[in-house]
2 protein chains.
Amino acid sequence: MARKTGSRAEITGPLIRQAALRLFARHGYGAVSMRQIAAEVGVQAGALYLYTPDKQSLLYELMRDHMQELLAAWRDEPKGANAPDRLSAFARFHIRFHLERPEAVFLAYMELRALSSENFAGIEALRQQYEGELAEILRDGAAAGDFHLDDLRLTTMSIIAMLTGVNTWYREGGRLSREEVGQIYADMVRRIVEPA
Amino acid sequence: MARKTGSRAEITGPLIRQAALRLFARHGYGAVSMRQIAAEVGVQAGALYLYTPDKQSLLYELMRDHMQELLAAWRDEPKGANAPDRLSAFARFHIRFHLERPEAVFLAYMELRALSSENFAGIEALRQQYEGELAEILRDGAAAGDFHLDDLRLTTMSIIAMLTGVNTWYREGGRLSREEVGQIYADMVRRIVEPA
DNA sequence: GTCTATATGCTGATAGAC
DNA sequence: GTCTATCAGCATATAGAC
């Protein structure tokens, strides 16, 4: 399998995705040109089309890969036996995973409007799958009498929003470590659903 | 002061802002051209420059006006005497105000990266002023023994994020009215800070 | 106050040389 | 696998007619 040629094809593809992610997240999909991406990688614009059929596919694949990695990572996460433990694990997992890849998170939340309608539907389905993971924990906990929920859907959405919001203000090297933030948020989440 | 000419200058300015808001929110600042805005208003592209020095100022003024209206509206809102009542009022106000102008909210949160650094600093200052209003309520409530806070800043940010998140999923004519959503969220916010 | 015309430069994508 | 050259079109902003 090993090859010895001087070709850089095997690394150029990933480099293109990396550059596109960085530039799309920083300046917005509509504001980034294929030439800018090419310049960042060190190739000419035309060479990009050996790796992607067009700009839209580049965006879609970045978002799809991000969502699939998110779902896979949660699937592999140790979760605890009961609903309160699983909720705490979810909160800490969500914050950790999202703080580890701020650019992909930003892209996935901010550039949905730039997707074609077919691509949008694909990403939306993955997003709903992830929300469903949290909703399931809440439903189970309510059924077991561990949680009090005014409204399952609103509780799900508010928890996701408050957790994802960490990405807008967290700065590395600040007052609190990621783990400390995760723990404080897990506690706040717990209080939202704690029975009176 | 009244004028009788056939000129439409007095309405063209607002129409331009309205069209720009709609298009920037829908497609993204970088993806919208001055020609598109002009077409939406029914004038030629060149005519826009009678009302704004450039595209960047158009964006900045939309965001600045939005933030100033937000601060002014909260200033005029009936707030209640004690911290728990003021917190509930804040939650219901925030959701109501934001659901009333989804496009301006979307713009103000999503296009910060499109601002020049001076303009960004201006918007950022207004945003921090608004966060300060919530932080003050929480601080007062903690001092009075009405609230339990693990961390003032993290609680402030998590409440803002969960409230603003309503804009991403709420649809007019859905299962719950704006007021019902506001009440349920106010209850969830209360539980986050309720002493044990 | 709005128009047309224009300057100058960039856009996504393709064709064909090497 | 990457390059150069190119297509047809659109970008922001300005100048000057009316």
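Per chain, numbering begins at 1; letters A, B, ... match sequence-line order. What you see is a predicted model, and the numbers here were worked out from it, not measured in a lab.
- In this structure, A/L23 places its CG atom 12 Å from P of C/dT11, rounding to the nearest Å.
- For the atom pair OH (B/Y109) and CE (B/M63), the distance works out to 10.5 Å, reported to the nearest 0.5 Å.
- In summary, the side chains of B/D150 and B/H148 do present a donor paired with an acceptor at a separation below 3.5 Å, with no hydrogens or angles considered.
- Between B/W74 and B/F93, the angle of the ring planes lies from 30° to 60°, which puts this pair in the tilted group.
- In this structure, CE of B/M34 is placed 12 Å from C1' of D/dT14, rounded to the nearest angstrom.
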Check: protein-nucleotides 3-7 of chain C nitrogen or oxygen pairs below 3.5 Å:
residue	atom	partner	partner atom	Å
C/dC3	OP2	B/Q44	N	2.6

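- Looking at heavy-atom distances under 4.0 Å, B/V32 makes contact with sugar-phosphate atoms alone, never a base.
- The distance from atom CG of B/L58 to atom P of D/dA11 is 15 Å, rounded to the nearest whole Å.
- Of the candidates D/dT2, C/dT14, C/dT2, the closest approach to any side-chain atom of B/T12 belongs to C/dT2.
- Side-chain contact between B/M157 and A/M162: absent, with no pair of heavy atoms (C-beta onward) separated by less than 4.5 Å.
- Distance A/L50 CG to C/dA15 P: 13 Å, rounded to the nearest Å.
- Proximity note for B/S33 (side chain, C-beta onward) versus D/dG1, C/dT11, D/dA11: the nearest is D/dA11.
- Each of A/Q36 and A/P53 lies near DNA chain C, and the nucleotide nearest A/Q36 is the one positioned closer to the 5' end.
- One interatomic measurement links the two molecules: NZ of A/K55 to P of D/dC10, which rounds to 15 Å at whole-angstrom precision.
- Rounded to whole Å, the distance from CD1 on B/I37 to P on D/dC10 is 16 Å.
- Between A/F97 and A/A73, the shortest heavy-atom distance links the atoms CE1-CB, 3.7 Å.
- Between the side chains of B/S57 and B/D54, at least one donor-acceptor pair of N or O atoms lies under 3.5 Å.
- Taking atom CG of B/D54 as the reference point, atom P of D/dA11 lies 17 Å away to the nearest angstrom.
- Rounding to whole angstrom units, OH of residue A/Y49 and P of C/dG16 are separated by 18 Å.
- Every ring-ring contact (aromatic ring centres under 6.0 Å, His included) that A/Y130 has, sequence neighbours left out, goes to A/F90, A/H94.
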